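Residue indices begin at 1 and follow the sequence shown. Here the structure is a predicted model, which is why all the values come from computation and not from measurement.
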Amino acid sequence: MRVLVLLLWMFLPIAGFSQVTVEVARVPEKTPVNAVLYLAGSMNNWHPKNEAHQFKKAANGKYYLTLPNLPTAAEFKITRGSWETGEVLEDGANRPNRKLNAAVSVDTIRLEVESWQDFHQVPAKKHTATAQVIVMDSAFYMPQLKRSRRVWLYLPPSYATSNKKYPVLYMHDGQNLFDAYYSFSGEWGIDETLDSLYKATGHEVIVVGIDNGGSERMNEYTPWKNEKYGGGLGEAYIDFLAQTLKPYIDANYRTKKGRKDTAIAGSSMGGLISLYAILKHPNVFGNAGVLSPAFWVSPELYSFAEQAALGKKARIFLMAGAMEGPQMVSDITRMHALLLKKEVKPTQISYELHADGTHTEAYWKREFPAVVNWLFGWKKQ
């Protein structure tokens, strides 16, 4: 018989309390006795092993975690320290994110874990990248960070048979852009989308995808150090893009080098660092796609944005989903209002809030065509 989840399925009421205790009342029988449980969710940038969200195991065998000042809406899952050991449904299927809302007040959430990912055989992944995608370098050196990283390239369909020069879009989290084999929870399908866009409109762009650094992702995508979550290497990472990678791309590929033809984009932490990039290097990046940005990790960005100069023709695409929670909606709305006060035309800042938008690769994949069209001023056909 399928194990029942006690009180938690889609929405959990939590409003009215300064803190909430999450109780994991039951875990699968095969769970190691010494297992350590963690809560990973929108409140900690989906970190699967964040010490601030580690459960304590009581003598009764249950696990407890008290969350002070929890947002009125949030999403999360339970893990044993990694996504490979994260919770799934009893049959091994992906478990929908657990959700909190403000419908009714409770001070304790009781739940059960049906199964763990590593208890099930995972189907073999397949490569899905199209012929337009290549790995430019599996270990491109980043002198500003003293480490190396895989860099992907999407070359437009006409690249091999023409002498044209192309605009360039730099994107973070390269593992999730082109090839499902390397992605954790689905790819954006950038290559398929751009191939289709070319057939329909003739528009083309080179895309440079930079892999994230795994455990270094938070550090590299955060310009300022967060006392709880770390970070602070964002400036060095963006300097790498502007001062090392872009010059290399421009020297070795047929690119349009000007800022109006150079864009940068990403989601979540990638959205945060993309906005920072166009503010830090306005003469390099003329356009930025800021999707579901994790501004809460670096609140210093607001004052930085107030003081930083934007290029006169800069274009910024701000996007988030209402299903990502009130914190996300509040933060991106605040940034939108702040940017409109700068010396830019309202038409230079696009702001979209989608009622059904969630913090998922599927959402960002769905909206990518609108993002790339707007960033480069391409008219929809």
Side-chain ion pair, Arg147 and Glu216, N-O less than 4.0 Å: yes
Aromatic centroids of Phe304 and Trp224 separated by under 6.0 Å: yes
Residues Tyr182, His127; criterion ring-ring contact (aromatic ring centres under 6.0 Å, His included); working and verdict: CA-CA 8 Å; Tyr182 295 101; His127 290 287; 5.7 Å; yes
CZ on Arg254 to CG on Leu155, rounded to 0.5 Å: 9.0 Å
Any side-chain heavy-atom pair of Thr244 and Pro143 under 4.5 Å: yes
Carboxylate-amine/guanidinium contact Arg95 Glu114, below 4.0 Å: no
Derivation and outcome, side chain to side chain contact (heavy atoms under 4.5 Å, CB included), residues Glu23 and Tyr63: CA-CA 6 Å; Glu23 174 191 307; Tyr63 299 80; over 6 Å; no
Qualifying residue, where the test is side chain to side chain contact (heavy atoms under 4.5 Å, CB included) with Val290 and the options are Ile278, Leu318, Val371, Leu272: Leu318
Solution key, residues 81-89 side-chain donor-acceptor pairs under 3.5 Å, sequence neighbours excluded:
residue	atom	partner	partner atom	Å
Ser82	OG	Glu84	N	3.4
Ser82	OG	Thr85	N	3.3
Ser82	OG	Thr85	OG1	2.9
Thr85	OG1	Ser82	N	3.4
Thr85	OG1	Ser82	O	3.2
Glu87	OE1	Arg98	NH2	2.8
Glu87	OE2	Ile78	N	2.8
Glu87	OE2	Arg98	NE	3.0

Min side-chain heavy-atom separation His359-Ser292 under 4.5 Å: yes
Electrostatic pair Lys164-Glu204, nearest N-O below 4.0 angstrom: yes
Pair Asp137 + Arg149: basic N to acidic O under 4.0 Å: no
Side-chain donor-acceptor contact under 3.5 Å, Asn94 with Lys77: yes
Leu65 and Lys56: CA distance, side-chain angles, deciding distance, side chain to side chain contact (heavy atoms under 4.5 Å, CB included) verdict: CA-CA 6 Å; Leu65 172 63; Lys56 292 183 179 180; over 6 Å; no
Steps toward side chain to side chain donor-acceptor pair (under 3.5 Å) verdict (Tyr302, Ser298): CA-CA 9 Å; Tyr302 294 106; Ser298 291; over 6 Å; no
Test log, rule ring-ring contact (aromatic ring centres under 6.0 Å, His included), inputs His172 and Tyr221: CA-CA 9 Å; His172 319 289; Tyr221 291 0; 5.4 Å; yes
Output field: ring centroids Tyr363/His354 closer than 6.0 Å: yes
Option from Tyr198, Tyr166, Tyr154 for which ring-ring contact (aromatic ring centres under 6.0 Å, His included) with Tyr159 holds: Tyr166
Distance flag, aromatic centroids of His47 and Tyr38, threshold under 6.0 Å: no
Considering all heavy atoms, the nearest Ala314-Gln348 contact: O-NE2, 2.7 Å
Between Tyr237 and Asn212: side-chain donor-acceptor atoms closer than 3.5 Å: no
Distance-only side-chain donor-acceptor flag, Asn50 / Gln54, under 3.5 Å: no
Set of side-chain contact (heavy atoms from CB on, under 4.5 Å) partners for Val284, sequence neighbours left out: Ala242, Lys246, His281
Salt bridge present between Lys30 and Asp118 (N-O < 4.0 angstrom): no
Salt bridge present between Asp173 and Arg217 (N-O < 4.0 angstrom): yes
Sub-4.5 Å side-chain heavy-atom contact between Thr130 and Glu192: yes
Validation row: Trp116, Thr31 side chains within 4.5 angstrom (heavy atoms): yes
Test side chain to side chain contact (heavy atoms under 4.5 Å, CB included) applied to Glu187 and Asp179, step by step: CA-CA 6 Å; Glu187 51 139 331; Asp179 196 336; 5.9 Å; no
Nearest-0.5 Å distance, CG of residue Asn373 to CG of residue Leu197: 5.5 Å
Short side-chain donor-acceptor distance under 3.5 Å, Thr201 and Trp378: no
Flag side-chain contact, heavy atom, 4.5 Å: Val207 against Leu153: no
Evaluation steps, side chain to side chain contact (heavy atoms under 4.5 Å, CB included), between Thr128 and Tyr181: CA-CA 7 Å; Thr128 60; Tyr181 184 85; over 6 Å; no
Ring centroid separation Tyr253 to Tyr248 under 6.0 Å: no
Taking every non-hydrogen atom, the tightest pair across Ala277 and Phe285: O-CD1, 3.8 Å
Aromatic ring pairing Phe178/Trp152, orientation class (parallel under 30°, perpendicular over 60°, tilted between): tilted
